[in-house]
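Here the structure is a predicted model, which is why all the values come from computation and not from measurement. Numbered from 1 within each chain, the chains take letters A, B, ... in sequence-line order.
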Amino acid sequence: MKLDYSFYQNPDVEDVAQKLLGKVLVTQFNGILTSGKIVETEAYAGPQDKASHAYNGRRTKRTEIMYREGGTAYVYFIYGMYALFNVVTNVKDIPHAVLIRAIEPVDGIENMIRRRKLKDVKHNLCAGPGLLTQALGITTKHSGLSLIKSNIRIEDRNIKISDISSGPRINVDYAGDDALLHRRFWIKQNPWVSKAR
DNA sequence: ATAAAGATCATT
DNA sequence: ATGATCTTTATG
């Protein structure tokens, strides 16, 4: 069943990041349904987190979306090529977010392969934040959409997951000491987790 | 108006 | 380790 606002409005963003592991991220655009099991996430704890776009309460046109109520999609463009998908958490005006870093393909795999311009299923189909958005057809124009009311949603399909591992977030060295915090979570030994760089 | 950086990825 | 590629943001 689809996750509701009560799931997303949890005040503990690290807790949500871990609970998202094993849930299924689904998009349904133009009748094409694609989905994947979330296997890797990162928590961004708003104003107190030097790695967050909302650090120190920064509000810009882009980051404004993070101040919406939990259960909103925050998608932004980075490095001139990639859209990264985040789940906004906590209540309105508290800019917490969870970056979805990797999924394991579940539904519509042929369409995911086509969107990625691959020949067949390879490890790089959706193991990385910039790759899974391509595979699911997510772009910046989806930023601000409700995960409860739009064609992007997250479902609990009662998938049991094994142990959770944690470590520092990727590519946030600009965050000083906050770069050392263990706010990246993944399903232990899952082959679809992104390559750590 | 300009410049610099960036929650990445593929390749060497 | 480096290059591709361009939006967002800060600064002047």
> Just how far, in rounded Å, is P of B:dT8 from CZ of A:Arg169?
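Computing the A:Arg169:CZ to B:dT8:P distance gives 12 Å.
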> Do A:Thr63 side-chain atoms and A:Ala54 backbone N/O form a donor-acceptor pair below 3.5 Å?
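Such a contact is absent between A:Thr63 side chain and A:Ala54 backbone.
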> What is the distance from OH of A:Tyr55 to C1' of B:dA5, rounded to the nearest Å?
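Going from OH in A:Tyr55 over to C1' in B:dA5 covers 18 Å.
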> Could you tell me the separation between the CZ atom of A:Arg101 and the C1' atom of B:dC9, rounded to a whole number of Å?
11 Å
> Taking 5.5 Å and 30° as the limits, would you call A:Tyr44 and the base of B:dA7 a stacked pair?
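It does: the ring sits over the base of B:dA7.
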> Let me know the distance between CG of A:Asn86 and C1' of B:dA7, rounded to the nearest Å.
7 Å
> Rounding to an integer number of Å, can you tell me how far A:Leu132 CG sits from B:dT8 P?
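One finds 12 Å between P of B:dT8 and CG of A:Leu132, rounded.
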> For nucleotides 5-12 of chain C, give me one character per nucleotide, 5' to 3': B if any protein heavy atom sits under 4.0 Å from the base, S if the only such contacts are to the sugar-phosphate, - if neither.
BBSSSS--
> Can you give me the closest heavy-atom contact between A:Ile152 and A:Leu25, atom names plus distance?
CG2-CD1, 4.1 Å
> Just N and O in the side chain of A:Asn171: are any of them under 4.0 Å from OP1 or OP2 of B:dT8?
yes
> Please give, in whole Å, the distance from B:dC9 P to A:Leu118 CG?
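Nearest whole value for this atom pair: 13 Å.
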> Is the phosphate of B:dA10, meaning OP1 or OP2, less than 4.0 Å from a side-chain N or O of A:Asn124?
yes
> Between A:Tyr67 and A:Arg59, is there a cation-pi geometry (under 6.0 Å to ring centre, at most 45° from the normal)?
yes
> What is the nucleic acid contact for A:Arg59, judged by heavy atoms within less than 4.0 Å: base, sugar-phosphate only, or nothing?
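Answer is nothing: A:Arg59 stays at 4.0 Å or more from every strand.
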> Is any side-chain N or O of A:Tyr82 closer than 4.0 Å to OP1 or OP2 of B:dA7?
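False: A:Tyr82 side-chain N/O out of range (4.0 Å or more) of B:dA7 OP1/OP2.
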> Looking at A:Glu42 and A:Arg169, does any basic side-chain N land under 4.0 Å from a carboxylate oxygen?
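Looking at A:Arg169 together with A:Glu42, the answer is no, because their closest N to O distance does not fall below 4.0 Å.
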> Just the rounded figure in Å: distance from C1' of B:dT8 to NE2 of A:His53.
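Rounded to whole Å, this separation is 12 Å.
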> What nucleic acid atoms does A:Leu84 come within less than 4.0 Å of, heavy atoms only: base, sugar-phosphate, or nothing?
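It contacts sugar-phosphate atoms only.
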> Check the pair A:Lys23 / A:Glu155 against salt bridge (Lys or Arg N to Asp or Glu O under 4.0 Å), numbers first and verdict last.
CA-CA 6 Å; A:Lys23 302 296 191 291; A:Glu155 298 178 1; over 6 Å; no
